[in-house]
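See below for the structure under consideration.
Remember, it's a predicted structure, so these values are computed and weren't measured experimentally. In each ligand, atom 1 is the first atom listed, and ligand 1 is the first ligand listed.
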Amino acid sequence: MEEKDLFGSLDLTRSSSEDRLNPLNAVLAFCGLPNMTEPLRYSRAEVAQKTGRNGAPVWIIYKDAVYDVTKYVAEHPGGPELVTDEAGTDSTKVFHEAGHTADAYTILAKYKIGELHEEEKHYDANGKKKKIVAVKPDGQTRSCLNKVTCGLLG
Ligand code: HEM
(Lines give C-alpha, C1' and ligand atoms only; values in the text may rest on other atoms or scores of the structure.)
Protein backbone atom coordinates (compact mmCIF):
# COMPACT_ATOMS: atom_id res chain seq x y z
CA MET A 1 0.00 0.00 0.00
CA GLU A 2 1.23 3.47 -0.85
CA GLU A 3 2.32 5.37 2.23
CA LYS A 4 1.04 8.95 2.60
CA ASP A 5 3.68 11.63 2.90
CA LEU A 6 2.13 13.79 5.62
CA PHE A 7 4.12 16.96 5.04
CA GLY A 8 4.89 16.40 1.37
CA SER A 9 1.22 16.24 0.40
CA LEU A 10 0.21 19.38 2.29
CA ASP A 11 -1.26 22.19 0.24
CA LEU A 12 1.17 24.84 1.44
CA THR A 13 -0.36 27.49 -0.79
CA ARG A 14 -3.34 27.59 1.58
CA SER A 15 -1.36 28.00 4.81
CA SER A 16 0.48 31.02 6.16
CA SER A 17 4.23 31.07 6.74
CA GLU A 18 3.44 30.69 10.45
CA ASP A 19 1.48 27.48 9.69
CA ARG A 20 4.40 26.09 7.80
CA LEU A 21 6.74 26.76 10.72
CA ASN A 22 4.40 25.25 13.30
CA PRO A 23 4.26 21.44 12.96
CA LEU A 24 1.02 21.25 14.98
CA ASN A 25 -0.74 23.54 12.51
CA ALA A 26 0.68 21.59 9.61
CA VAL A 27 -0.84 18.39 11.02
CA LEU A 28 -4.18 20.12 11.73
CA ALA A 29 -4.30 21.52 8.20
CA PHE A 30 -3.53 18.05 6.84
CA CYS A 31 -6.47 16.62 8.80
CA GLY A 32 -8.73 19.45 7.62
CA LEU A 33 -9.03 20.83 11.17
CA PRO A 34 -8.91 24.52 12.10
CA ASN A 35 -5.71 26.20 13.25
CA MET A 36 -5.76 25.79 17.05
CA THR A 37 -3.18 28.44 17.87
CA GLU A 38 -5.27 31.27 16.38
CA PRO A 39 -8.22 32.50 18.49
CA LEU A 40 -11.70 32.37 17.01
CA ARG A 41 -12.80 35.84 15.89
CA TYR A 42 -16.18 37.47 16.43
CA SER A 43 -17.74 40.81 15.52
CA ARG A 44 -19.38 43.15 18.03
CA ALA A 45 -22.63 42.68 16.09
CA GLU A 46 -22.42 38.92 16.52
CA VAL A 47 -21.83 39.26 20.26
CA ALA A 48 -24.77 41.69 20.51
CA GLN A 49 -27.11 38.83 19.56
CA LYS A 50 -26.03 36.67 22.50
CA THR A 51 -28.32 38.31 25.00
CA GLY A 52 -29.47 35.23 26.88
CA ARG A 53 -33.01 35.92 25.64
CA ASN A 54 -35.11 33.35 23.71
CA GLY A 55 -32.62 30.60 24.43
CA ALA A 56 -29.60 32.56 23.20
CA PRO A 57 -26.36 32.13 25.15
CA VAL A 58 -24.94 34.87 27.39
CA TRP A 59 -21.81 36.38 25.85
CA ILE A 60 -19.90 39.40 27.06
CA ILE A 61 -16.86 41.29 25.85
CA TYR A 62 -14.07 42.18 28.26
CA LYS A 63 -11.05 44.01 26.84
CA ASP A 64 -11.62 42.79 23.27
CA ALA A 65 -11.98 39.14 24.30
CA VAL A 66 -15.30 37.31 24.00
CA TYR A 67 -16.65 35.18 26.85
CA ASP A 68 -19.53 32.72 26.86
CA VAL A 69 -20.64 32.93 30.51
CA THR A 70 -23.98 31.14 29.98
CA LYS A 71 -23.03 28.36 32.37
CA TYR A 72 -21.75 30.77 35.03
CA VAL A 73 -24.79 33.05 35.24
CA ALA A 74 -26.63 30.96 37.86
CA GLU A 75 -23.50 30.76 40.04
CA HIS A 76 -22.74 34.46 40.02
CA PRO A 77 -22.32 35.64 43.66
CA GLY A 78 -23.90 39.00 42.85
CA GLY A 79 -26.98 37.32 41.35
CA PRO A 80 -27.67 36.27 37.73
CA GLU A 81 -29.29 39.55 36.67
CA LEU A 82 -26.09 41.54 37.06
CA VAL A 83 -24.57 39.36 34.37
CA THR A 84 -27.61 38.92 32.12
CA ASP A 85 -28.17 42.70 32.11
CA GLU A 86 -24.79 42.97 30.37
CA ALA A 87 -25.31 40.04 27.98
CA GLY A 88 -24.32 40.89 24.42
CA THR A 89 -22.44 44.04 25.41
CA ASP A 90 -18.90 45.23 25.90
CA SER A 91 -18.86 44.87 29.70
CA THR A 92 -15.27 45.99 30.19
CA LYS A 93 -16.16 49.12 32.21
CA VAL A 94 -19.01 47.51 34.18
CA PHE A 95 -17.01 44.40 35.04
CA HIS A 96 -14.04 46.49 36.12
CA GLU A 97 -16.11 48.95 38.14
CA ALA A 98 -17.92 46.14 40.00
CA GLY A 99 -14.67 45.82 41.98
CA HIS A 100 -14.18 42.14 41.22
CA THR A 101 -11.32 40.36 42.98
CA ALA A 102 -8.57 38.47 41.17
CA ASP A 103 -10.71 35.33 41.63
CA ALA A 104 -13.41 36.76 39.37
CA TYR A 105 -10.84 37.50 36.65
CA THR A 106 -9.49 33.94 36.94
CA ILE A 107 -12.99 32.49 36.61
CA LEU A 108 -13.77 34.80 33.68
CA ALA A 109 -10.65 33.60 31.83
CA LYS A 110 -12.04 30.05 31.82
CA TYR A 111 -15.02 31.15 29.73
CA LYS A 112 -13.05 32.82 26.94
CA ILE A 113 -14.20 31.62 23.51
CA GLY A 114 -12.31 34.02 21.26
CA GLU A 115 -11.50 37.60 20.40
CA LEU A 116 -12.99 40.46 18.45
CA HIS A 117 -11.89 41.02 14.87
CA GLU A 118 -8.69 43.06 14.87
CA GLU A 119 -10.38 46.15 13.31
CA GLU A 120 -13.04 46.20 16.06
CA LYS A 121 -10.63 46.04 18.97
CA HIS A 122 -10.35 48.94 21.42
CA TYR A 123 -7.01 47.90 22.92
CA ASP A 124 -3.59 47.59 21.29
CA ALA A 125 -1.25 44.59 21.55
CA ASN A 126 0.11 45.95 24.86
CA GLY A 127 -3.37 46.11 26.40
CA LYS A 128 -3.45 49.93 26.16
CA LYS A 129 -6.63 51.66 25.08
CA LYS A 130 -6.32 52.80 21.47
CA LYS A 131 -6.75 56.49 20.74
CA ILE A 132 -9.87 57.05 18.66
CA VAL A 133 -9.06 59.70 16.05
CA ALA A 134 -12.10 61.55 14.79
CA VAL A 135 -11.97 61.99 11.04
CA LYS A 136 -13.59 65.26 10.05
CA PRO A 137 -15.24 65.66 6.68
CA ASP A 138 -13.24 67.47 3.97
CA GLY A 139 -12.93 71.20 4.45
CA GLN A 140 -13.06 71.01 8.26
CA THR A 141 -9.53 69.82 8.88
CA ARG A 142 -7.82 73.24 9.03
CA SER A 143 -5.77 73.98 12.13
CA CYS A 144 -6.67 76.90 14.46
CA LEU A 145 -3.77 79.02 13.14
CA ASN A 146 -4.88 78.31 9.61
CA LYS A 147 -8.44 79.35 10.45
CA VAL A 148 -7.27 82.62 12.14
CA THR A 149 -5.03 83.44 9.18
CA CYS A 150 -7.85 82.80 6.74
CA GLY A 151 -10.16 84.91 8.90
CA LEU A 152 -7.71 87.86 8.97
CA LEU A 153 -7.13 87.69 5.25
CA GLY A 154 -10.84 87.49 4.67
C1 HEM B 1 -20.71 41.78 33.55
C2 HEM B 1 -21.49 42.05 34.57
C3 HEM B 1 -21.15 41.77 36.01
C4 HEM B 1 -21.46 42.59 37.04
C5 HEM B 1 -22.18 43.92 36.94
C6 HEM B 1 -20.98 41.96 38.24
C7 HEM B 1 -21.12 42.47 39.49
C8 HEM B 1 -20.74 41.87 40.66
C9 HEM B 1 -20.99 42.36 41.97
C10 HEM B 1 -21.73 43.65 42.31
C11 HEM B 1 -20.47 41.48 42.84
C12 HEM B 1 -20.47 41.59 44.34
C13 HEM B 1 -21.56 40.73 44.90
C14 HEM B 1 -21.62 40.71 46.39
O15 HEM B 1 -20.61 40.97 47.04
O16 HEM B 1 -22.69 40.40 46.90
C17 HEM B 1 -19.86 40.42 42.06
C18 HEM B 1 -19.20 39.35 42.59
C19 HEM B 1 -18.56 38.42 41.86
N20 HEM B 1 -18.57 38.29 40.49
FE21 HEM B 1 -19.47 39.51 39.22
N22 HEM B 1 -20.38 40.79 37.92
C23 HEM B 1 -20.47 40.63 36.56
C24 HEM B 1 -20.01 39.57 35.84
C25 HEM B 1 -19.26 38.55 36.35
C26 HEM B 1 -18.69 37.49 35.56
C27 HEM B 1 -18.87 37.34 34.06
C28 HEM B 1 -17.97 36.71 36.41
C29 HEM B 1 -17.15 35.49 36.13
C30 HEM B 1 -17.24 34.77 35.02
C31 HEM B 1 -18.10 37.27 37.74
C32 HEM B 1 -17.56 36.75 38.88
C33 HEM B 1 -17.79 37.22 40.16
C34 HEM B 1 -17.22 36.64 41.36
C35 HEM B 1 -16.29 35.45 41.43
C36 HEM B 1 -17.71 37.39 42.43
C37 HEM B 1 -17.38 37.20 43.92
C38 HEM B 1 -16.52 38.34 44.42
C39 HEM B 1 -15.21 38.43 43.68
O40 HEM B 1 -14.44 37.46 43.69
O41 HEM B 1 -14.98 39.48 43.05
N42 HEM B 1 -18.89 38.39 37.67
N43 HEM B 1 -20.06 40.68 40.75
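Inclusion of Tyr72 in the set of residues having an N or O under 3.5 Å from an N or O of ligand 1 is not warranted.
Residues Leu108 and Ile60 meet the side-chain proximity criterion, which asks for heavy atoms closer than 4.5 Å. Using a 4.5 Å cut-off on side-chain heavy atoms (C-beta onward), Tyr67 and Tyr72 make no contact. The shortest side-chain heavy-atom distance between Tyr62 and Lys112 does not fall under the 4.5 Å cut-off.
When heavy-atom distances to ligand 1 are checked against a 4.0 Å cut-off, Thr101 comes that close through both its backbone and its side chain. Looking at Ala104 against ligand 1, both its backbone and its side chain come within 4.0 Å, counting heavy atoms.
Nearest non-hydrogen protein atom to atom 2 (C) of ligand 1 is Leu82 O, 3.4 Å.
Atom numbering of ligand 1 starts at 1 in the shown order; those under 4.0 Å from a heavy atom of Phe95 are 24 (C), 25 (C), 26 (C), 27 (C), 28 (C), 31 (C), 42 (N).
The atom of His100 that is an N, O or S and sits closest to atom 21 (Fe) of ligand 1 is NE2.
In this structure, atom 14 (C) of ligand 1 is not in close contact with the protein, since no protein heavy atom lies within 4.0 Å of it. Atom 41 (O) of ligand 1 lies below 4.0 Å from at least one non-hydrogen atom of the protein.
Few gaps surround NE2 on His117; more than 12 heavy atoms of other groups in view lie less than 6.0 Å from it.
Note on Arg44 versus Asp90: salt bridge recorded, some NZ/NE/NH1/NH2 to OD/OE distance being below 4.0 Å.
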